[in-house]
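First comes the structure, then the notes that go with it.
Below, each value reflects all heavy atoms present in this structure, side chains not excepted, and no hydrogens, waters or symmetry copies. Sequence lines set the chain letters: A, B, ... in the order given, protein chains first and strands last, and positions in each chain run from 1. Note that this is a predicted model, so its numbers are computed, not measured.
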2 protein chains.
Amino acid sequence: MMKEVDFMKPKYQIILDDLKSYILSGTYKAGEKIPSEFALQEEYNVSRQTIRKAILDLSNEGFLRSEKGSGTYVSTQYRSRTSGKTMNRTIGVITTYISDYIFPSIIRGIESRLNEDNYSLLLASTNNDISQEKKALEMMLSYGVDGLIIEPTRSNVYNPNIAYYLSFKEQDVPFTMINAYYEELEVPFFCLDDVQSSYLATRELISKGHTHIGIIAKMDDLQGKFRLKGFIKALGEAKLRFQQEHVLSFDTATKSNLSANLEIYLNDNRDDLTALVCYNDEVGLEVVNVCRILGISIPDELSIIGQDNSYIAKNANIKLTTLTHPQEQMGRDAADWVIKNLQGKKDLPTNTYYQPVLIEGETVKVIEVE
Amino acid sequence: MMKEVDFMKPKYQIILDDLKSYILSGTYKAGEKIPSEFALQEEYNVSRQTIRKAILDLSNEGFLRSEKGSGTYVSTQYRSRTSGKTMNRTIGVITTYISDYIFPSIIRGIESRLNEDNYSLLLASTNNDISQEKKALEMMLSYGVDGLIIEPTRSNVYNPNIAYYLSFKEQDVPFTMINAYYEELEVPFFCLDDVQSSYLATRELISKGHTHIGIIAKMDDLQGKFRLKGFIKALGEAKLRFQQEHVLSFDTATKSNLSANLEIYLNDNRDDLTALVCYNDEVGLEVVNVCRILGISIPDELSIIGQDNSYIAKNANIKLTTLTHPQEQMGRDAADWVIKNLQGKKDLPTNTYYQPVLIEGETVKVIEVE
DNA sequence: TATTGACAAATGTACGTACAGAAAATATAC
DNA sequence: GTATATTTTCTGTACGTACATTTGTCAATA
């Protein structure tokens, strides 16, 4: 269900947000003069009052300071609000989703580890939307968290929020990424070996005699990219041809249409495919549901294999064959890394890959060789 | 001529000072409405902008609060606004579980509402353990959260952490409860009408001809208590006898044994019961699984009905008949309540009950009358 | 009796103008 | 070249208008 697009923000709010972003991302550095009201008025094509409203509000928030006759300056101490207050040890967590799929488990792992060292957990989610990620990062920056754990948003497309991450680096706030990472950013991460995951999935199908295998692939995150890669790798090793028409791709935006697209895809390839590698268990379940509608029996007519070993795989009436995902452990490890980093520990792992393991369910059938 | 002796104060400053002294002297009392902008404009013979400037500044100082379409009111807590420093606005959330069942959805609702007003979410979970709840409360207290949303831990047994809740009350930190409440504490809450939920569930079964109905009941939280109550109420209305041996009870501690106990229970009552009201969908699914092992077919041999309309009810291959739970909406409403309370709004709802609605699945069969 | 619809009242946003006053930039006088 | 005057730039205050949006009220309606 799509959330309503933002209400039309008032103009002054847009300008305010812009300015705040520039300040937090370091485009306007502390003490620097920002453009004059007149200049901004020209730039945004609004009246001076509108500009003033934005600047006044930011001054009240403590980000700016205006000097009559001189100009408006970035306040030098906008982030020293923790100064007098009792330092509370807080770790920020930015995740794509809060309530969906395996993310709650990951958060749980983080929380339980932080709890052991009396750190608090400041939570924000992005719904895999880059503008929401920006807002979350701004919140964390102005909050002054001690560390950060981020699950990247749309990790396979260019991310315009890199400046914020660099801000954290400048301020020596340790952060790490889970599930994926931004390739343009040098940063430690904790990830499943996604190539291996779908490689193993595909190999399992091949070893059971399948030769006509399709894949449902996600295109806007690294996981999707790597999982497609593993699929192709396994096909290649088995000397099976990779066929573009056997790939059904989707992304965050088109996810809501997946069910309908699946129906078309499965109908089109009904006689061609005997097995399907799914992006994850969630997609796997979707396939199961669509197959039920189409009267395709699983695994007799179609074998499917999911990934991530989520509750879906375990709890659906037909147990999905799937591959493990560390979930809670990954969360724990990431939290542990941040805590150890804050304690000044050296030689912490930079890139951690977890190896997936196959879990047999009831959705893969052995094909007899004729 | 002589320049003004004193500084010639700007007009808005004069008005501001006037208003401030009225507030501080009690001419305008806390919560009262002050004259409208138009009235003040007439009174002082100045433009509306000038009045607005005075009111806006006082609002920023925390003395006033304007409501669109209604008027401007004296803020109830202008005293605590110590410095001009904008504290980080943070709402604490204490929930029993982070990753399980419907709790992620509730948290999601909270998060999305807090986000709209730029509040941060500080998260802690108790795993339904009272000592962990204590730790979480201590963390929130020392952190200095602005408000709190709590899902009570073991709400049907005496809670030794009441003192902490009273501390929050003393410090005027608004808090509200969701899903349940502590009966020994006078506090606003947002709850499903749990009595009604299982009342409707039971009535549905009765209306489909069932007369031998069992229940799986949880004993250590209010939900469990109320859901048992609704079950008994429905039986009573239908003049069916309530039989103690048809109740299988469990609690947090014995939950891990539920599966084994279910097996015994279902075996014992195999020939006696035709339907089962389950504490929630999670339990419902457990029943489905155990029935599969025992070879009891659902709904032919046994009708079951869950509660909460969780993903389990929707996603399990056999769709559970269940009752709705507001989930995300409940989270939103609770967050909204805290925010409005912090803004000094009066007449907020104290006890909110959500009415459950039946959702038909595939687990209830009509019993023909012989 | 309860619900709906129309209307008025109140605040929110946004445009415009004008001038005051302080600081910075520039021109001028020596 | 330096000191002083002048101009320009920039923010602060203040006026005006207009329309949007929300809330509360009251009368008409079902």
Side-chain angles (χ1 to χ4, degrees), chain A residues 4-19 28 31-75, chain B residues 1-4 6-19 28 31-75 84 116-118 336 339-340 343-349:
Chain A
E4 191 71 33
V5 186
D6 272 327
F7 289 163
M8 187 57 173
K9 272 197 282 190
K11 295 189 185 178
Y12 81 88
Q13 187 70 48
I14 295 171
I15 298 163
L16 188 152
D17 288 343
D18 272 11
L19 293 176
Y28 296 155
E32 268 184 16
K33 186 150 89 169
I34 71 167
S36 76
E37 293 176 355
F38 181 73
L40 290 169
Q41 174 178 347
E42 297 286 286
E43 183 186 336
Y44 284 97
N45 263 305
V46 296
S47 78
R48 189 170 153 230
Q49 300 309 320
T50 307
I51 299 289
R52 281 184 64 75
K53 169 77 173 156
I55 291 178
L56 260 299
D57 279 12
L58 278 173
S59 301
N60 279 324
E61 280 188 60
F63 287 96
L64 292 175
R65 164 182 49 84
S66 292
E67 282 177 28
K68 194 173 181 177
S70 170
T72 302
Y73 302 83
V74 177
S75 179
Chain B
M1 254 334 212
M2 274 263 289
K3 198 106 202 229
E4 208 48 59
D6 268 335
F7 248 89
M8 180 62 172
K9 272 197 281 190
K11 294 189 187 181
Y12 81 88
Q13 188 69 49
I14 295 172
I15 298 164
L16 188 153
D17 288 342
D18 272 9
L19 293 176
Y28 296 155
E32 269 184 16
K33 185 148 89 169
I34 71 167
S36 76
E37 293 177 357
F38 181 72
L40 290 170
Q41 174 178 348
E42 298 285 287
E43 184 186 334
Y44 285 94
N45 263 305
V46 295
S47 80
R48 189 171 154 227
Q49 299 308 319
T50 307
I51 298 290
R52 279 184 66 76
K53 169 77 173 159
I55 290 177
L56 259 298
D57 279 13
L58 279 173
S59 299
N60 278 325
E61 282 188 58
F63 287 96
L64 292 175
R65 162 181 52 87
S66 292
E67 280 178 31
K68 193 174 185 173
S70 173
T72 301
Y73 301 82
V74 178
S75 179
E116 289 170 14
D117 274 49
N118 292 310
D336 188 67
I339 289 174
K340 292 233 170 82
Q343 290 170 344
K345 214 159 205 171
K346 292 280 168 191
D347 301 322
L348 291 170

Next on the checklist: side chain to side chain contact (heavy atoms under 4.5 Å, CB included), that's the test. Do B/Tyr73 and B/Ile34 meet it? Break it down for me.
Outcome noted: CA-CA 6 Å; B/Tyr73 301 82; B/Ile34 71 167; over 6 Å; no
Q) Would A/Thr50 and A/Tyr44 count as a side chain to side chain contact (heavy atoms under 4.5 Å, CB included) if you check the C-alpha gap in whole Å, the side-chain angles of each, and the deciding distance to 0.1 Å? A) CA-CA 10 Å; A/Thr50 307; A/Tyr44 284 97; over 6 Å; no
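Partners of B/Asp57 under the salt bridge (Lys or Arg N to Asp or Glu O under 4.0 Å) rule, at least two apart in sequence or in another chain, are B/Lys53. For the side chain to side chain contact (heavy atoms under 4.5 Å, CB included) test, residues two or more places apart in sequence or in another chain that qualify with B/Glu43 are B/Leu40. Residues meeting the side chain to side chain contact (heavy atoms under 4.5 Å, CB included) test with A/Gln49, sequence neighbours left out: A/Ser47, A/Arg52. For B/Glu42, there are no salt bridge (Lys or Arg N to Asp or Glu O under 4.0 Å) partners, not counting sequence neighbours.
Residue B/Leu56 contributes atom CG, which lies 14 Å from atom C1' of C/dA10 at whole-angstrom precision. The NZ-P distance, from B/Lys53 to D/dC15, rounds to 13 Å in whole Å. The nearest whole Å value for the distance from the CG atom in A/Leu58 to the P atom in D/dT11 is 14 Å. Regarding B/Ile55, its CD1 atom lies at a distance of 12 Å from the P atom of C/dA10, rounded to whole Å. Atom CD of A/Gln49 and atom P of D/dG12 are 12 Å apart (whole Å). Protein atom CD1 of A/Ile14 is 19 Å distant from nucleotide atom P of C/dG12, rounded to whole Å. Remark: P of D/dA14 and CD of B/Gln13 are 9 Å apart, rounded to the nearest angstrom.
Across all strands, A/Thr50 comes closer than 4.0 Å only to sugar-phosphate atoms, never to a base (heavy-atom distances).
When distances are taken from the side chain of B/Arg52 to each of D/dG16, D/dG12, C/dT11, the shortest belongs to C/dT11. Counting only heavy atoms from C-beta on, A/Tyr12 has its side chain closest to C/dA14 among D/dG12, C/dA14, D/dA14.
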Protein-nucleotides 19-26 of chain D N/O pairs under 3.5 Å:
| residue | atom | partner | partner atom | Å |
| --- | --- | --- | --- | --- |
| D/dT21 | O4' | B/Lys68 | NZ | 3.4 |
| D/dT23 | O4' | B/Gly69 | O | 3.4 |

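Atom OG1 of residue B/Thr72 and atom CG of residue B/Leu58 lie 10.5 Å apart, to the nearest 0.5 angstrom. Distance check: A/Arg48 CZ to A/Gln41 CD gives 7.5 Å after rounding to the nearest 0.5 Å. Note that the OH atom of B/Tyr12 and the CD1 atom of B/Ile55 stand 14.0 Å from one another [nearest 0.5 Å].
At a non-hydrogen distance threshold of 4.0 Å, A/Ser36, A/Glu37 from residues 33-45 of chain A come into contact with DNA chain D.
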